[in-house]
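What follows is a single structure, written as structure tokens, with notes after it.
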Amino acid sequence: MTDARESARRDGAAPVRYTPGTPCWVSLMVHGADRARSFYEALFGWEFRPGPQQLGPYARALLDGCEVAGIGMLSPDLDLPVAWTPYFASVDVDRTAETVRACGGTIGVGPLDLAEAGRLAIGSDPSGAVFGIWQASAHLGQAVTGAPGAPAWNELTTFESERVAKFYATVFGHTVRPEVSTDIDHVTLSVEGRPVAGIHGVGNGLLREHGPHWTTYFSVADVDDTVDHVPHLGGQILKRPHDSAHGRIATATDPEGARFSLLQGL
């Protein structure tokens, strides 16, 4: 779980354009945007300013003045889950969307323009996990990484990794590196030799009501302290803090049930 977003800066300087195939943004669509913004503001210290409104009311979250995520209202005519959705950078969202369809995935939203910000599509892979595609114009994506409160990693939980990993490799040009283990079905997706995301196959251990899904990990300074705040803010703890090879991790949901993980790096 290596943070490899070369275009996101720790010092808050303007990011350069993301390499195609790199996760460049995370967005959450909810029914109650005010409550969601209050939750994440209290948990991560985010502030908000308006963003493109083509998909309804939408706000970009700021961490020390730098954009790190977006929260919008879930329109009744959009068949999307209440979930954090990672967006992968593309130089041509229309062509990438065509490849998604050709490889057995679906496109549920777009491609469409978001004013001067850029062009997007939202789709799902052959297993049903939802992801976004972003062709940047004025809005390049996440502007800071590594800091507490910023996205740090994205991990796909699915039934098995091999077929789905081939899909992402074909669509986004990822290099696939399997975990060296006979007991764990896990692969890492890389761009130009840099790990950018992971895929974890859990077989029948995947709860059917959740289905295959992406999980965004947010950096925090102290996982145990952050977890203590989640229930008081209206969220729930799904997995208590525990140590891993990449740091201390916990998994939670916000007031509407959107899952996310917390990472206190080594």
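Remember, predicted model here, so these are calculated numbers, not experimental data.
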TODO: Check the pair V130 / I122 against side chain to side chain contact (heavy atoms under 4.5 Å, CB included), numbers first and verdict last.
DONE: CA-CA 7 Å; V130 176; I122 302 174; 3.7 Å; yes

Qualifying residues under side-chain contact (heavy atoms from CB on, under 4.5 Å), relative to [X], sequence neighbours excluded:
X    : value
D64  : none
R177 : T188
E162 : E160, K166
V91  : P20

TODO: Would you sort out whether I107 and I133 count as a side chain to side chain contact (heavy atoms under 4.5 Å, CB included), showing the intermediate values?
DONE: CA-CA 10 Å; I107 297 295; I133 308 164; 4.3 Å; yes

Open item on the list: Show me the pairs that pass salt bridge (Lys or Arg N to Asp or Glu O under 4.0 Å) and involve residues 38-50, at least two apart or across chains.
Closed with: R49-E67

- [ ] Could you list all the salt bridge (Lys or Arg N to Asp or Glu O under 4.0 Å) pairs where at least one residue sits in residues 105-117, not counting sequence neighbours?
- [x] D113-R119

Who pairs with [X] by side-chain hydrogen bond (donor to acceptor under 3.5 Å, both in side chains), at least two apart in sequence or on another chain?
X    : value
D254 : Y40
W134 : none
T226 : none
D243 : R248

TODO: Could you give me the CA-CA distance, side-chain angles and deciding distance for R194 and T19, then say whether side chain to side chain contact (heavy atoms under 4.5 Å, CB included) is met?
DONE: CA-CA 11 Å; R194 299 173 293 105; T19 304; 3.6 Å; yes

Open item on the list: Show me the pairs that pass side-chain hydrogen bond (donor to acceptor under 3.5 Å, both in side chains) and involve residues 98-112, at least two apart or across chains.
Closed with: T106-S124

TODO: State which residue, out of F88, F260, F131, fulfils the ring-ring contact (aromatic ring centres under 6.0 Å, His included) condition with W214.
DONE: F88

Check: residues 25-35 side-chain donor-acceptor pairs under 3.5 Å, at least two apart:
from	atom 1	to	atom 2	distance (Å)
W25	NE1	Y58	OH	3.1
S27	OG	Y58	OH	2.8
D34	OD1	R37	NH2	2.4

Task: Expected output: side-chain H174 to main-chain G21 donor-acceptor under 3.5 Å - done: yes

Task: side chain to side chain contact (heavy atoms under 4.5 Å, CB included) evaluation trace for I249 with Y217 - done: CA-CA 9 Å; I249 295 173; Y217 286 71; 3.9 Å; yes

- [ ] Just say parallel, tilted or perpendicular for the rings of W46 and F44, cut-offs at 30° and 60°.
- [x]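 Aromatic pair W46/F44 classed tilted.
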
